[in-house]
Amino acid sequence: MSRILTFGAAINEAIYIAMKSDPSVILMGEDVAGGGNRDGDGIDEMGGVLGTTKGLVKHFPDRVLDTPISEMGLMGTGVGAAATGMRPIVELMFMDFLGTCLDPLLNQASKLRYMLGGKARIPLTVRTVSGAGMQAAAQHSQSLYWITTGIPGLKTVIPSNPADAKGLLLAAIRDDDPVIFCEPKLVLGSKGEVPEGDYEIPIGKANLVREGGDVTLIGFGGTVSICLKAAKQLAAEDGIEADVLDLRSLQPLDEEAILATLSRTGRVVIVDESTPRCSIATDIAALCVDRGFDFLEAPVKRVTAPHGPVPFSRPLEQAYIPSAASVIAAVRAQG
Amino acid sequence: MSRILTFGAAINEAIYIAMKSDPSVILMGEDVAGGGNRDGDGIDEMGGVLGTTKGLVKHFPDRVLDTPISEMGLMGTGVGAAATGMRPIVELMFMDFLGTCLDPLLNQASKLRYMLGGKARIPLTVRTVSGAGMQAAAQHSQSLYWITTGIPGLKTVIPSNPADAKGLLLAAIRDDDPVIFCEPKLVLGSKGEVPEGDYEIPIGKANLVREGGDVTLIGFGGTVSICLKAAKQLAAEDGIEADVLDLRSLQPLDEEAILATLSRTGRVVIVDESTPRCSIATDIAALCVDRGFDFLEAPVKRVTAPHGPVPFSRPLEQAYIPSAASVIAAVRAQG
Amino acid sequence: MDLNRDQLLVAYRKMRTIRSFEEKLGELVAAGKMGGFMHLYTGEEAVAVGVCAHLSDDDIVTSTHRGHGHCIAKGVDVAGMMAELFGRATGICKGKGGSMHIADLDRGMLGANGIVGAGIPLATGAGLSAKLRRTGHVAVAFFGDGASNQGSFHESLNMAANWKLPVLYVVENNGFGEFTPTEFVIPVKDIAVRATSYGMKSLIADGMDFFDVFEKTDEALDHCRRGEGPVLLECKTYRFGGHFVGDPLVYRSKEEAEDWIQNHDPLDGFENHVIEAGLVDTDDLRRIDHEVREILEAAVTAAEAAPFPDLSELTTDVYGEATR
Amino acid sequence: MDLNRDQLLVAYRKMRTIRSFEEKLGELVAAGKMGGFMHLYTGEEAVAVGVCAHLSDDDIVTSTHRGHGHCIAKGVDVAGMMAELFGRATGICKGKGGSMHIADLDRGMLGANGIVGAGIPLATGAGLSAKLRRTGHVAVAFFGDGASNQGSFHESLNMAANWKLPVLYVVENNGFGEFTPTEFVIPVKDIAVRATSYGMKSLIADGMDFFDVFEKTDEALDHCRRGEGPVLLECKTYRFGGHFVGDPLVYRSKEEAEDWIQNHDPLDGFENHVIEAGLVDTDDLRRIDHEVREILEAAVTAAEAAPFPDLSELTTDVYGEATR
Ligand SMILES: Cc1ncc(C[n+]2csc(CCOP(=O)(O)OP(=O)(O)O)c2C)c(N)n1
Ligand SMILES: Cc1ncc(C[n+]2csc(CCOP(=O)(O)OP(=O)(O)O)c2C)c(N)n1
Ligand SMILES: [Mg+2]
Ligand SMILES: [Mg+2]
């Protein structure tokens with residue numbers, strides 16, 4: 001049985017199931033309760049700046065913790081708790097704030113298992129909102145998953161719809177390695193069918209959401225729906241049938257799935273919401289021109305944001321974000 | 001006229017020239033004076049943990065500042081000073097410490113000019129030691145220039161020899177944008193001819209250090225000498241003559257220079273000391289399979305560190321770092 | 001230190017401009033004419049205006065996500081601000097920055113900041129710059145109670161105290177960080193005590209009282225300008241509205257809010273004081289109220305009529321010269 | 001709280017083991033037999049041993065770049081440590097971690113840390129874990145005077161005080177951060193005062209006196225274990241050697257160092273006290289000195305004979321299961 005839920009509601013449900021089924025799971029972050037867990041007339045909690053975690057503090061008053069605005073301490077505390085018997089879910093309100101708490105991820109969570117010769121495990125999940133689309137401007141709109149993806153020892157996943165969000169988050173929470181879970185603004189408000197009950201979507205496996213055979217469009221998070229829109233239009237206007245691959249997981253990267261579709265189509269367009277340098281897009285292009293070289297029939301095109309900060313002005317922000325039109329243009333440019 | 005200097009001495013000379021010629025240049029960092037600038041019998045300064053800045057505090061007692069161990073405050077203070085009339089050189093002792101001070105670079109220095117509609121300029125230089133080779137282990141050996149390269153608004157340069165170090169550092173200090181200047185451990189101890197006097201090497205231009213024509217080896221910082229060693233051996237053992245391109249600058253990236261050598265050789269091997277995901281290596285491969293597609297005669301190979309932390313044990317660390325042997329193997333694998 | 005009639009009217013005009021500007025924004029966002037994350041300064045006017053009354057264009061101020069009040073107090077043009085918030089090319093930041101990055105270096109306003117606590121080291125750097133260049137100017141960092149829990153607060157105040165920098169750290173303690181009450185996350189009553197960790201001078205002011213803020217700032221800046229080092233000034237204040245426009249305010253008691261709004265409004269307090277003391281006439285104030293309304297109406301009209309930035313602006317101003 | 005003879009001998013053995021272990025490393029590095037950045041604990045033995053005497057294997061300790069002493073005090077096997085520093089497969093971390101990451105979770109030692117200040121939030125998390133799981137155990141963060149200038153210090157202590165976590169924060173004030181004297185970068189005399197910012201209990205101990213450290217720790221841990229929250233314990237100590245092995249020590253006065261070494265050696269102080277008080281015999285101590293030397297010689301011999309890790313170890317232990 002499944003119902004229509006928003007992306008946020010699916011995340012809330014996943015956290016509820018995880019906390020219900022495992023007392024070592026805790027949720028920490030700024031305003032995750034949101035002034036809740038108090039008595040007093042007419043006082044209720046916000047449940048996060050976007051309301052995603054609303055209600056959880058009522059179910060688990062001791063395990064949903066509002067923290068000070070102290071990302072370094074918050075993240076480091078999460079790592080320390082993870083190393084000593086807890087399974088923390090740390091909310092980093094916006095991914096842009098990675099700048100205030102990178103060390104616990106870069107030098108602690110990601111390396112402890114290795115530095116201790118395999119004797120440590122860090123079952124930490126970091127939930128964070130990424131990407132542009134709400135006119136939140138340069139410091140609240142970045143897609144920085146390329147940073148967490150590039151750090152060995154971390155895993156990074158990014159769902160494209162509510163059902164995947166629930167399954168990937170449950171898998172992330174129960175993973176014994178630190179997992180960064182991105183919640184892209186482009187899909188955060190979207191609705192979709194979400195199965196009831198407890199299920200996990202394996203981390204590291206991509207999902208072929210459309211079979212075409214002429215060209216491969218690779219997206220993840222907010223760009224999957226852009227790829228699907230472009231695929232529809234390409235079929236209608238150019239008679240080009242596109243494979244659309246939803247990566248779901250950025251690290252580990254499902255190289256086999258990418259090579260499988262490339263081997264059928266010979267053409268790849270990668271659609272990545274982040275800035276272009278040192279990105280998921282260049283990683284995939286590099287894979288194609290190495291292991292996939294013999295399959296290539298056309299230049300590998302990357303549709304990304306420009307190499308610049310996210311602008312505030314609405315028309316500029318809209319132009320900043322990859323669009324179906326730019327994807328179609330890239331496919332046509334492949335000739 | 002030029003003399004033989006170590007990499008560190010060339011850097012020291014560049015800073016001296018910059019501070020002498022411009023009173024707005026200051027040097028800040030942990031132990032950059034190193035307990036110096038004091039009276040007292042038998043008290044001298046260390047001039048940095050590796051002695052690179054030794055002596056400067058004696059010449060410029062008010063402009064060489066030992067700071068607390070507070071990278072976030074140090075870096076943010078440097079940005080604030082840069083925005084208000086100074087030209088700070090901030091030393092981040094090891095690039096691994098980026099985790100403790102990313103925000104001032106990610107969200108402030110790199111974005112202020114843009115967010116202020118072009119009205120701000122941030123003439124900040126960050127000097128930092130990168131890479132493996134001293135058994136400094138997982139938290140003191142990372143090559144994180146892929147992170148600074150990927151952040152729009154920052155520039156990143158990485159010299160491969162003392163003469164370039166001096167010229168690139170002078171250019172960086174006088175640049176009106178924030179520049180990250182990497183000092184790779186692999187070459188920090190090396191010696192070379194260094195011209196006297198004041199000269200700059202333009203940021204954004206690569207340097208073709210060997211002309212071959214059969215294959216292109218692309219390196220930067222510590223991997224240039226590895227490429228040259230491999231080129232020599234390839235010429236001797238395989239009769240393959242390699243172009244060797246020293247990028248010098250990672251952002252801006254000299255795409256034209258890369259495409260020019262690719263157009264001659266049709267084959268590229270990129271040698272990057274950093275970990276493989278979202279790296280300079282994948283960026284260059286992506287460029288080759290896009291704009292350089294028609295020139296490609298073989299898979300683009302990447303020789304990088306593995307996707308893992310830097311190990312302490314000497315033999316493991318040596319195996320972690322790209323070697324001439326692995327470069328030669330990659331060239332031969334291209335067939 | 002007494003203020004003459006003109007100075008009092010300037011102060012009132014600024015507080016009124018902030019109040020009306022923020023109320024106007026509330027309407028515009030509600031009407032769907034404006035987007036983005038909008039944090040209003042309503043209720044805290046006396047802090048920004050009381051502090052900035054002591055500053056010149058050459059004194060540097062760093063601000064927060066709640067930065068409109070600091071801009072106006074520092075003399076930034078409201079028409080340029082309004083156009084910025086409409087995302088227009090005529091905006092003070094060409095429409096690229098928006099509410100959380102609104103700035104004007106010509107007025108010594110180094111910018112609102114979307115990163116809580118990030119403005120604190122920037123002001124510290126401005127103070128270092130002023131000290132090294134011997135300009136005699138000061139830097140002021142405005143930030144909230146929540147920001148005082150950031151590492152950047154600790155690191156910056158320690159450095160400034162250590163180097164005796166001319167920096168005034170103004171913590172606007174409005175009792176909440178987003179939706180979380182300050183006492184939930186700070187185990188001490190007065191944030192001012194945190195100066196002890198750095199051997200730094202500290203003061204506490206009634207942030208709803210322009211005159212108290214003005215005098216405490218005077219004392220603090222004397223200290224800074226005499227070269228005796230930085231000062232931490234805690235202003236106890238209250239946010240009349242929500243954390244952002246659209247905040248349902250479920251997390252705080254209506255009674256508490258009502259009491260502050262009814263009995264501690266900084267504009268009412270200012271008016272009562274100056275009228276009772278016979279320093280200015282009510283007419284003067286009403287005239288200013290009227291002028292401010294007209295200026296803001298004109299600013300809105302002009303902004304709505306102005307063009308959006310050309311799409312080529314997407315990649316300009318990323319670097320100084322034409323680099324990619 | 002009095003210590004019986006056995007406890008005293010255990011404490012002495014640990015201090016002596018630390019001293020001899022560090023001296024041995026100095027020789028090995030000088031002889032070129034060992035590499036990497038090596039920071040020795042010589043002179044500060046009383047701090048680690050005085051604190052850890054109160055801890056069980058289930059109490060968690062986080063350490064610093066100067067971590068050998070904390071490991072030994074916490075009961076980590078010196079043979080495994082020695083093999084680790086030789087980079088051998090038999091090392092306590094398989095040779096992958098090295099001096100700055102030496103650790104042993106079985107002994108509640110969460111690791112040395114190459115990032116100054118990074119161990120502080122980790123211990124805070126361990127304290128949160130202990131509190132939520134109601135284990136009754138405590139967490140101890142060892143860190144230096146220099147680390148108290150890191151934002152992680154401020155953020156962690158505030159969170160711990162706010163949640164009344166059972167965490168003991170031990171600041172080892174040895175007067176220097178690398179080569180920079182503490183008074184150059186900290187404008188207050190006692191780092192202990194920084195507890196004021198969090199309404200936290202603080203204590204100051206003579207870090208060269210095992211007995212003083214032992215008693216202050218006893219008082220502090222009582223407080224933690226009673227659920228009254230964290231404590232900041234400042235131990236005044238001195239680093240007999242350089243910041244790292246090979247440090248030319250040009251930046252500090254020889255007289256100052258000589259005075260500490262001659263007149264404040266924690267092992268001498270301990271011996272004088274227990275002998276004068278007739279608690280143990282000199283022979284016991286000399287026997288321990290001898291045993292420790294033999295254990296360390298054996299550890300070196302075994303380590304040098306042990307194999308290096310297989311190159312396949314390069315990419316194992318990066319993730320739990322076989323993922324890339
Ligand atoms: C580094 C960082 N963490 C979290 C946020 C989200 N955030 C925006 S405003 C705010 C509350 C700030 O509280 P305070 O400092 O008291 O300022 P106030 O809003 O009360 O004026 C938070 C948590 C942010 N913008 N930056
Ligand atoms: C984040 C970070 N900054 C700087 C360094 C370089 N560093 C290593 S030890 C040290 C001095 C630490 O001083 P203190 O905390 O007093 O400890 P001590 O060495 O005196 O025991 C510094 C600056 C580091 N390892 N990590
Ligand atoms: Mg507040
Ligand atoms: Mg110290």
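Chain A is the first sequence line, chain B the second, and so forth, proteins listed ahead of strands; every chain is numbered from 1.
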Mind ranking [options] by heavy-atom pairs under 4.5 Å with chain A and telling me who comes out on top?
| options | answer |
| --- | --- |
| D:Asn158, D:Asn113, D:Leu110, D:Asn162 | D:Asn113 |
| D:Lys94, D:Met100, D:Glu84 | D:Lys94 |
| D:Gly119, D:Gly114, D:Gly97, D:Ala126 | D:Ala126 |
| D:Ile60, D:Leu314, D:Asp104 | D:Leu314 |

Pairwise side-chain contact, D:Leu128 with A:Leu65, heavy-atom cut-off 4.5 Å (strictly under)
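Answer yes - side chains close enough.
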Do D:Thr124 and D:Glu155 come close enough that some side-chain heavy atom pair is under 4.5 Å?
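When only atoms from C-beta onward are counted, D:Glu155 and D:Thr124 do not touch, as no gap falls below 4.5 Å.
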Interface moiety of A:Asp176 toward chain D, non-hydrogen atoms closer than 4.5 Å
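It is neither, since no heavy atom gets under 4.5 Å.
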Examine whether an atom of A:Leu154 lies under 4.5 Å from a heavy atom of chain D, and if so say whether it belongs to the side chain, the backbone or both; otherwise answer neither.
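Backbone of A:Leu154 only, per the 4.5 Å heavy-atom cut-off to chain D.
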Find the one option among A:Arg113, A:Met28, A:Lys111, A:Arg63 whose heavy-atom pairs under 4.5 Å with chain D are most numerous.
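Winner by heavy-atom pair count: A:Arg113.
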Can you name the residues of residues 135-153 of chain D that have some heavy atom under 4.5 Å away from a heavy atom in chain A?
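Interface residues of residues 135-153 of chain D: D:Ser152.
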Residue part contacting chain A, namely of D:Glu313, when any heavy atom lies under 4.5 Å:
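Looking at D:Glu313, just its backbone touches chain A.
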Region of D:Ile92 that comes under 4.5 Å of a non-hydrogen atom in chain A
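Contact with chain A involves both backbone and side-chain atoms of D:Ile92.
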